[in-house]
Amino acid sequence: MGDLLAGTPEEMMAFTAEAPAANDSGGALQAKMEESTAFQSAYQEAFGRLQSFVTETNARVGDHVADASNSGRSYLETDEASASRLDVVDSPKPR
């Protein structure tokens, strides 16, 4: 159970799902790094995957929050209904 999330993932929730523009610094990057085109391509692909992951995760977190809220509400309603029946059973009997 060590993989449970503690707290709110603020960084993930604040993530803006917009890829930054490719770093096209012209000749400076090209001259120093022969593989810069491949690097930029891999970077854009990785960012796209991250974007999809965060978007899907945020949607699923929202679903889980709604499920937890509904379950909690249902539990309280059931608990209150059961408690009201016990109050009737435990109330003093008229003489």
Interatomic spacing from CD in Q44 to CD in Q51 - rounded to 0.5 Å: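 Output value for this atom pair is 10.0 Å.
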Check: N70 main-chain N/O paired with S74 side-chain donor or acceptor under 3.5 Å: no
Check: T57 side chain, F53 main-chain N or O, donor-acceptor pair, under 3.5 Å: yes
Audit row: R60, E56, salt bridge (Lys or Arg N to Asp or Glu O under 4.0 Å) steps and yes/no: CA-CA 6 Å; R60 290 184 181 203; E56 183 178 333; 3.0 Å; yes
Parallel, tilted or perpendicular: rings of F39 and Y43 (30°, 60°):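 Judged by the thresholds at 30° and 60°, the geometry between Y43 and F39 is parallel.
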